[in-house]
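Take a look at the structure below.
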Protein chains: 2
Amino acid sequence: MHEKHASSFHENIAKIRRLIVHSSLVPGDRLPSERELAETLSISRASVREALRALSFLGIVETRHGGGTFLCEQDRHRYIEILSEFIVTKQTKASDITDMLRLLERMAFSEVEPTLQRVMELEAVVEDDRQFRQRLIFGLKNELFVRIWSEVNRFFDGLESDDLYTLEERKRLIEAWRGMGMPE
Amino acid sequence: MHEKHASSFHENIAKIRRLIVHSSLVPGDRLPSERELAETLSISRASVREALRALSFLGIVETRHGGGTFLCEQDRHRYIEILSEFIVTKQTKASDITDMLRLLERMAFSEVEPTLQRVMELEAVVEDDRQFRQRLIFGLKNELFVRIWSEVNRFFDGLESDDLYTLEERKRLIEAWRGMGMPE
DNA sequence: AATCATTAAGTGGTCAGACCAATTAGTGAA
DNA sequence: TTCACTAATTGGTCTGACCACTTAATGATT
């Protein structure tokens with residue numbers, strides 16, 4: 001007999017988070033078993049598992065086969081508010097995202113040598129804010145950097161905000177970059 | 001009748017990744033249904049869902065209730081190799097991690113004004129590489145930045161590598177930073 | 001009584017089948 | 001041809017079972 005599916009993925013994660021906070025769990029503590037959580041939170045064990053998997057991805061909890069589910073060590077739990085709220089529910093100040101992108105992209109400028117070819121490639125897409133920023137980032141050969149930028153940019157896309165830079169800014173950025181290279 | 005659980009979480013993700021590649025799917029294309037994937041890959045639908053949820057977290061696929069599961073737009077799928085391999089299996093070049101940390105921390109220096117108090121706080125922990133870098137990063141009030149740094153640093157910790165900077169480097173960084181502020 | 005191998009209980013991992021909820025494709029009447 | 005309706009498809013959730021691993025309890029041995 002089904003009870004009506006009032007639950008949802010995000011809500012379930014929030015429920016477990018609240019439980020962690022209310023139970024005053026400290027890093028290293030073991031959470032209630034999945035079966036217990038399911039009954040307490042009035043959701044199925046499958047849903048509990050999906051939520052726990054998400055929290056595991058966020059580095060908040062850690063599961064050990066046969067052992068249990070534990071709150072992660074370190075002060076990582078201090079970021080529960082930030083992490084889960086941000087990644088899962090996408091609630092972060094829009095200014096944080098745009099600031100972060102600007103920082104990352106400025107960094108890309110300072111880390112990549114402005115060769116003639118690169119400058120031309122960038123100028124070719126100067127009309128399109130999105131392509132411009134993407135081309136810029138891919139100049140960095142650090143895969144990890146690209147990954148992080150992509151993640152942040154994904155949320156920026158979901159923001160439905162305007163371009164990050166104006167056309168004039170983009171042109172100015174290229175000029176400044178070019179100036180950093182050659183002693184002309 | 002059970003077949004023996006030869007599957008594992010990581011393997012399942014890899015299976016779906018291979019299927020995406022071999023099927024020559026392009027962004028926007030729909031993946032086979034969960035039931036179909038389960039049969040094709042010889043794993044349960046629950047396991048398929050867990051793997052898909054992970055890929056969804058990585059921004060590789062997107063699910064629409066009643067509609068299907070789709071490969072994300074953009075060239076994000078080009079990062080399937082990078083993303084899934086990195087986040088899930090933690091296989092990233094150590095040099096990428098240290099490079100990234102150095103970049104982020106250099107960025108912190110350039111973004112934060114070297115007030116007298118901040119400089120003193122940093123000098124107080126100059127002996128400890130870990131504390132030094134953490135104190136530095138927390139000077140940035142951008143929560144998102146802190147989050148990202150924390151994530152990257154987590155992997156660095158798991159690397160069992162030496163300090164990121166030598167004591168001399170740390171002292172030199174502080175001096176250079178101090179010099180950026182006051183016109184002395 | 002102390003030690004250690006064995007056993008039982010507990011917990012995460014997987015599987016199977018069913019039903020709910022939303023979308024999409026197909027159908028038929030206007 | 002158009003559009004409302006229906007059926008099929010697909011993701012979302014639930015239930016219960018069994019497997020694999022860990023941990024605690026048990027009991028025999030020393």
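Quick note on labels: first sequence line is chain A, next is B, and so on, each numbered from 1.
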Write down the distance between [atom1] ([X]) and [atom2] ([N]), rounded to a whole number of angstrom.
{"X": "Leu37(A)", "N": "dT13(D)", "atom1": "CG", "atom2": "P", "answer": "17 Å"}
{"X": "Ile43(A)", "N": "dT15(D)", "atom1": "CD1", "atom2": "C1'", "answer": "14 Å"}
{"X": "Lys15(A)", "N": "dT13(D)", "atom1": "NZ", "atom2": "P", "answer": "11 Å"}
{"X": "Phe70(A)", "N": "dT11(C)", "atom1": "CZ", "atom2": "P", "answer": "10 Å"}
{"X": "Arg53(B)", "N": "dG13(C)", "atom1": "CZ", "atom2": "C1'", "answer": "18 Å"}
{"X": "Leu41(B)", "N": "dC15(C)", "atom1": "CG", "atom2": "P", "answer": "11 Å"}
{"X": "Glu39(A)", "N": "dT11(C)", "atom1": "CD", "atom2": "C1'", "answer": "15 Å"}

Quiz item: Is Glu50(A) salt-bridged to Arg49(B), going by a charged N under 4.0 Å from an acidic O?
Solution: yes

Quiz prompt | Residues Glu175(A), Arg178(A): salt bridge by 4.0 Å N-O rule | solution =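 Salt bridge present between Glu175(A) and Arg178(A).
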
Would you tabulate the nitrogen or oxygen pairs shorter than 3.5 Å linking the protein to nucleotides 9-11 of chain D?
unit_1	atom_1	unit_2	atom_2	d
dT10(D)	OP1	Arg30(B)	NH2	3.4
dG11(D)	OP1	Thr69(B)	N	3.4
dG11(D)	OP1	Thr69(B)	OG1	3.4
dG11(D)	OP2	Glu34(B)	N	2.8
dG11(D)	O4'	Gly66(B)	N	3.4
dG11(D)	N7	Arg35(B)	NH1	3.0
dG11(D)	O6	Arg35(B)	NH2	3.0
dG11(D)	N2	His65(B)	NE2	3.0
dG11(D)	N3	His65(B)	NE2	3.3

Quiz item: Cluster question for you: counting only ILVMFWY and a side-chain heavy-atom cut-off of under 4.5 Å, with indirect links fine, are Phe70(A) and Val61(A) together?
Solution: no

Is the backbone of [Y] close enough, under 3.5 Å, to the side chain of [X] for a donor and an acceptor to pair up by distance?
{"X": "Asp29(B)", "Y": "Val26(B)", "answer": "yes"}
{"X": "Ser47(B)", "Y": "Ile43(B)", "answer": "no"}
{"X": "Asp128(A)", "Y": "Gln131(A)", "answer": "yes"}

Practice problem: Show your reasoning for whether side chain to side chain contact (heavy atoms under 4.5 Å, CB included) applies to Glu62(B) and Thr69(B). | Solution: CA-CA 6 Å; Glu62(B) 175 189 5; Thr69(B) 303; over 6 Å; no

Any N/O pairs under 3.5 Å between the protein and nucleotides 6-8 of chain C? List them or say none.
none

Quiz item: Does Glu121(B) CD have over 12 foreign heavy atoms under 6.0 Å away?
Solution: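 Atom CD in Glu121(B) is crowded, with more than 12 foreign heavy atoms closer than 6.0 Å.
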
Quiz item: Within a reach of under 6.0 Å around CD of Glu169(A), are more than 12 heavy atoms found that belong to other residues, nucleotides or ligands?
Solution: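 Yes - once you tally the heavy atoms of other residues, nucleotides and ligands closer than 6.0 Å, there are more than 12.
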
Exercise. Would you please confirm or rule out a distance under 4.0 Å between OP1 or OP2 of dG13(C) and any side-chain N or O of Ser47(B)?
Key: no

